[in-house]
Amino acid sequence: SELKVLRELGDLPFELEPEALDDYLAGGFIPAPRSIFRSVRKIPPGHYLVVDRTGRPTLTRYWSPDLLPESRWRKEPAADLACELRGLLEQAVQTRLISEVPLGAFLSGGLDSSIVVALMARLSDRRVKTFSIGFENDPNDESRYSALMARHLNTDHTHEQVSAQQLAQFAPELVEHFDEPFADDSMVPTWFVSRVARQAVTVALSGDGGDEVFGGYTWYRRAWRQAALQSALPGPLAGLARSLGSALPSKYAAYFHQLDAPPERWRERSPYFDRAERQPLYRPEFSRSIHGYDADAQRAALIRSAANLPLLSRLQTLDLHGYLPGGILVKVDRVSMRESLEVRSPLLDHVVFEFMAAVPPHLKLNRQGSKWLLQ
């Protein structure tokens, strides 16, 4: 699964793939099937590749994380759906507790990892081993939440503080381990918590996938708020609202400044360099080599592929087919395997996902908050 081993073939050309570089600068990772090298392709998520005896490859999709239209939504009361979800999550965790080697869990203290650990504690006949890290002088340090949850669930908890000196020492090795450009700086805490966990266990459960499956990201809430604002302000009032919005604090003014823009803009925009920012970075010959390719347009196309779905589902589609498999899961796989640690993600169980795919969006995100049914 590592790109660097292909260099051992000797005769494979390793030329830069221009379109992959455009993807990277726009989104911080290189989505399948492209790699940073023109001669190497990735097998996309949910696919398998068969090569016959003549050397001819056939790529087949066996599963896709697709959200359902309104005609196929579940109609039961929310309390009944929550009860069913609880059972599915318990089964997903139970399945991932099957192991012949020591097993534990990452515990950040957030909703997702806390739910996973709580279910582990309920299903295990011994104290669950949990792990977290913090960074020295970090104003956003959340280790107090993991400590609170560890006490509440009576876990065997290990917490480690990471110093700036440790970061500087290990950063070059970490970058090398990814084999191609990768910009998500959460690779750093994920690697350190993997290192801590590997000292005690061989398998760790995580809360990965909670935001994508249950509707938890900040940009989902922002898009939802803007859509609500647009529906509440008819055309004649929109111009006045834009003028008044400039007098509001910046976190509110942004919604009024974009009143005419589609709410998807909160997720459709490139998180790193957008189209206007990337173009000045490219020499003319490089721009020609891209042949008109535009990573921003690819992101917009993913959202349009779900045009028959509600706003939240369109935004989730972008992340389920892009950021989750190309960014988050690559990050977790690379850094955990660097420590020979196997990470299992019960919130990404396909049965759990297929259930949530049929849950109406207003039971995921509404006025009462994000991940509503999960909470």
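Keep in mind that this is a model prediction, so the values were computed, not measured.
Residues W73 and M356 fall into different hydrophobic clusters, defined by Ile, Leu, Val, Met, Phe, Trp and Tyr side chains chained together at heavy-atom separations under 4.5 Å. Both V332 and M187 belong to a single network of hydrophobic side chains, linked directly or stepwise wherever heavy atoms of I, L, V, M, F, W or Y lie under 4.5 Å apart. No path of Ile, Leu, Val, Met, Phe, Trp and Tyr side chains, each step under 4.5 Å between heavy atoms, connects F273 with F182, placing them in separate hydrophobic clusters. In the hydrophobic cluster analysis, where Ile, Leu, Val, Met, Phe, Trp and Tyr join through side-chain heavy atoms closer than 4.5 angstrom, V351 is grouped apart from L68.
Across P45, S64, P31, a single residue satisfies side-chain contact (heavy atoms from CB on, under 4.5 Å) together with H321, and that is S64.
Remark: the S146 side chain and the E142 side chain contain no N/O donor-acceptor pair separated by less than 3.5 Å. In summary, the side chains of T158 and K129 do not present any donor paired with an acceptor at a separation below 3.5 Å, with no hydrogens or angles considered. Between the side chains of S113 and S108, a donor-acceptor pair is found at a separation under 3.5 Å.
In this structure, E176 does not pair ionically with K4, as no charged nitrogen and carboxylate oxygen lie closer than 4.0 Å. D179 and R334 are not joined by a salt bridge, as no carboxylate oxygen comes within less than 4.0 angstrom of a charged side-chain nitrogen. We find that R267 and D319 are joined by a salt bridge, their nearest charged nitrogen and carboxylate oxygen being less than 4.0 Å apart. Between R344 and E342 there is a salt bridge, since a side-chain N of the basic residue sits under 4.0 Å from a carboxylate O of the acidic one. The pair D156-R126 does not count as a salt bridge, with every side-chain nitrogen at least 4.0 angstrom from each carboxylate oxygen.
Taking the six-membered ring where tryptophan is involved, the planes of F286 and Y282 are tilted, since the angle between them lies from 30° to 60°. Below 30°, between 30° and 60°, or above 60°: for Y217 and Y323 the angle between ring planes is between 30° and 60°, a tilted geometry.
Checked against salt bridge (charged side-chain N to carboxylate O under 4.0 Å, His left out), R299 has no partners two or more places apart in sequence or in another chain. Scored by the salt bridge (charged side-chain N to carboxylate O under 4.0 Å, His left out) test, D52 finds R56 as partners (sequence neighbours excluded). Residues meeting the side-chain contact (heavy atoms from CB on, under 4.5 Å) test with R367, sequence neighbours left out: W224. Considering only residues two or more places apart in sequence or on other chains, R34 meets the salt bridge (charged side-chain N to carboxylate O under 4.0 Å, His left out) condition with E19, D23.
A distance of 7.5 Å separates CH2 in W219 from CG in D211, rounded to the nearest 0.5 Å. A distance of 11.5 Å separates CZ in R151 from CG in L153, rounded to the nearest 0.5 Å. The distance from atom OG1 of T95 to atom CD of E90, rounded to the nearest 0.5 Å, is 10.5 Å. Taken to the nearest 0.5 Å, the CD atom of Q298 stands 11.5 Å off from the OG atom of S270.
S114 is listed as a side-chain neighbour of L107, based on a closest heavy-atom distance under 4.5 Å. At least one side-chain heavy atom of L67 sits less than 4.5 Å from a side-chain heavy atom of L320. Residues L374 and L89 have side chains in contact (heavy-atom distance under 4.5 Å, counting atoms from C-beta outward). Contact check for E180 versus F29: no side-chain heavy atoms found under the 4.5 Å cut-off.
Through direct or relayed side-chain contacts under 4.5 Å between Ile, Leu, Val, Met, Phe, Trp and Tyr, L49 connects to I43, V51, L59.
Counting heavy atoms of neighbouring residues, nucleotides and ligands inside a 6.0 Å radius, atom CG of N137 does not exceed 12 of them. By the neighbour-count criterion of 12 heavy atoms within 6.0 Å, atom CD of Q165 is sparsely surrounded, having that number or fewer from other residues, nucleotides or ligands.
Ring pair Y48/W63: centre-to-centre distance not below 6.0 Å.
Pairs passing the ring pair (Phe, Tyr, Trp, His ring centres under 6.0 Å) check and including a residue from residues 86-145, sequence neighbours excluded, do not occur.
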